[in-house]
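Here's the structure, in structure tokens; my notes come after.
Keep in mind that what you see is a predicted model, and the values were worked out from it rather than measured. Residue numbers start at 1 and run along the sequence shown.
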Amino acid sequence: MRNDNLKSYLNLHLIVFIWGFTAILGALITIDAENLVWFRMLLAGIFLAGFIVYKKQSFVISAQSFAKLIFVGLLIAMHWIFFFKAIHVSNVSITLSIFSLGAFFASLLEPLFYGRKILLYEVFFGLIIIAGLTMIMQVEVKYLNGMYYALASIILGVLFTLMNGKLISDHEPSVITFYEFGAGVFFISIYFLIQGKFTADFFTMSLNNWVLLLVLASVCTAYAFTASVKVMQKLTPYTVMLTTNLEPVYGIMLAYLILGGKEKMSTEFYIGALIIVITVILNGVFKHYKNKKEV
């Protein structure tokens, strides 16, 4: 059991690294955020459908589960739209730094979803994350809109993470993700039809954009999202959300290497990043010894 938990925890870090690269792709793909999310969910859904057929898994789910997955799919679509909007109106560094607040929101909301008491050490770790966030962020007024979009995105991210945590006991992660992505495509399509956005120009993109979208949909979405749901079978949603606070560290480092001086990091970033990393490690160690005593 411990080896399974360790494997899940290491796999989660790989997923978070991939998510950090997702922000880079969002900055490099030159289409509107809504369009980007529509293509991302559509292509990822197709990849997932092929995977489910290959694995001979069942697409059948109950009506009650279907209704929940539809709602979660809407949350995911909105989460990603706000995420990419935040990157477009500010930059990768500001957007990913705000995501560190996810652990704090999760520590407050998870007890409501799972009917347990608020654990003080989880709130404490969440507050430390905020301290790290404060040191990372070099906020200017021109980035305020980006911060608002990123804040809305992470709140929605916490909500759908918690809801997925309750759904994984009944269905395969790939099936859950397939229906959620399908729902996201459905809702965005309705919006596009109302706005009259489905034109020939909508599907006309450069080869570079198509290649980046395929990478985003396959590796950074179909694989990473399904795998993240799967690791929740071994780890709590709070641990998942706390570990995702490494996404700013991975993402901003990659942004500096790939995007250049625009994403240059300050000394405060390194200090804040170190605080976040240490907090993640302490959380894992604390949970390990806590579970060991209970056994």
- Message: Test of understanding: with side chain to side chain contact (heavy atoms under 4.5 Å, CB included), list the residues that count as partners of S206, not counting sequence neighbours.
- Response: N208, N209

- Considering residues at least two apart in sequence or located in another chain, which fulfil the side chain to side chain donor-acceptor pair (under 3.5 Å) criterion with N11? Y223

- Message: List the residues meeting side chain to side chain donor-acceptor pair (under 3.5 Å) with S62, not counting sequence neighbours, and say none if there are none.
- Response: S65

- Note on the structure: Checking T22, D32, V89 against F84 for side chain to side chain contact (heavy atoms under 4.5 Å, CB included), the one that qualifies is T22

- With sequence neighbours excluded, what pairs up with T199 under the side chain to side chain contact (heavy atoms under 4.5 Å, CB included) test? D201, F202

- Identify the heavy atoms of F198 and F203 that sit nearest to each other, and give their distance. CD2-CZ, 4.1 Å

- For G146 and A86 the tightest heavy-atom approach is O-CB, 3.4 Å

- Note on the structure: Heavy atoms of A33 and I81 approach each other most closely as CB-O, 3.7 Å

- What side chain to side chain donor-acceptor pair (under 3.5 Å) pairs are there with at least one residue in residues 176-193, not counting sequence neighbours? W38-S189

- Query: Of L28, I24, L43, I29, which is the lone residue that meets side chain to side chain contact (heavy atoms under 4.5 Å, CB included) with L216?
  - Reply: I29

- Under a side-chain separation threshold of 4.5 Å, the hydrophobic residues clustered together with V60 are none

- Could you tell me which residues satisfy ring-ring contact (aromatic ring centres under 6.0 Å, His included) with F187, sequence neighbours excluded, listed by chain and number? none

- To the nearest 0.5 Å, what is the distance between CZ (F160) and CD1 (I76)? 5.0 Å

- Note on the structure: Sequence neighbours excluded, the answer for ring-ring contact (aromatic ring centres under 6.0 Å, His included) partners of F47 is none

- Message: Side chains of V185 and F181, heavy atoms from C-beta outward: is any pair under 4.5 Å?
- Response: no

- Message: Show me the pairs that pass side chain to side chain donor-acceptor pair (under 3.5 Å) and involve residues 74-88, at least two apart or across chains.
- Response: E34-K85, H79-S153

- Query: With sequence neighbours left out, what residues match L257 under side chain to side chain contact (heavy atoms under 4.5 Å, CB included)?
  - Reply: none

- Test ring-ring contact (aromatic ring centres under 6.0 Å, His included) applied to Y250 - qualifying residues, sequence neighbours left out: F17

- What one should report as the nearest heavy-atom pair of V175 and I61 is CG1-CG2, 4.0 Å

- Message: Once ring-ring contact (aromatic ring centres under 6.0 Å, His included) is applied, do any residues pair with F178, and if so which ones, sequence neighbours excluded?
- Response: F59

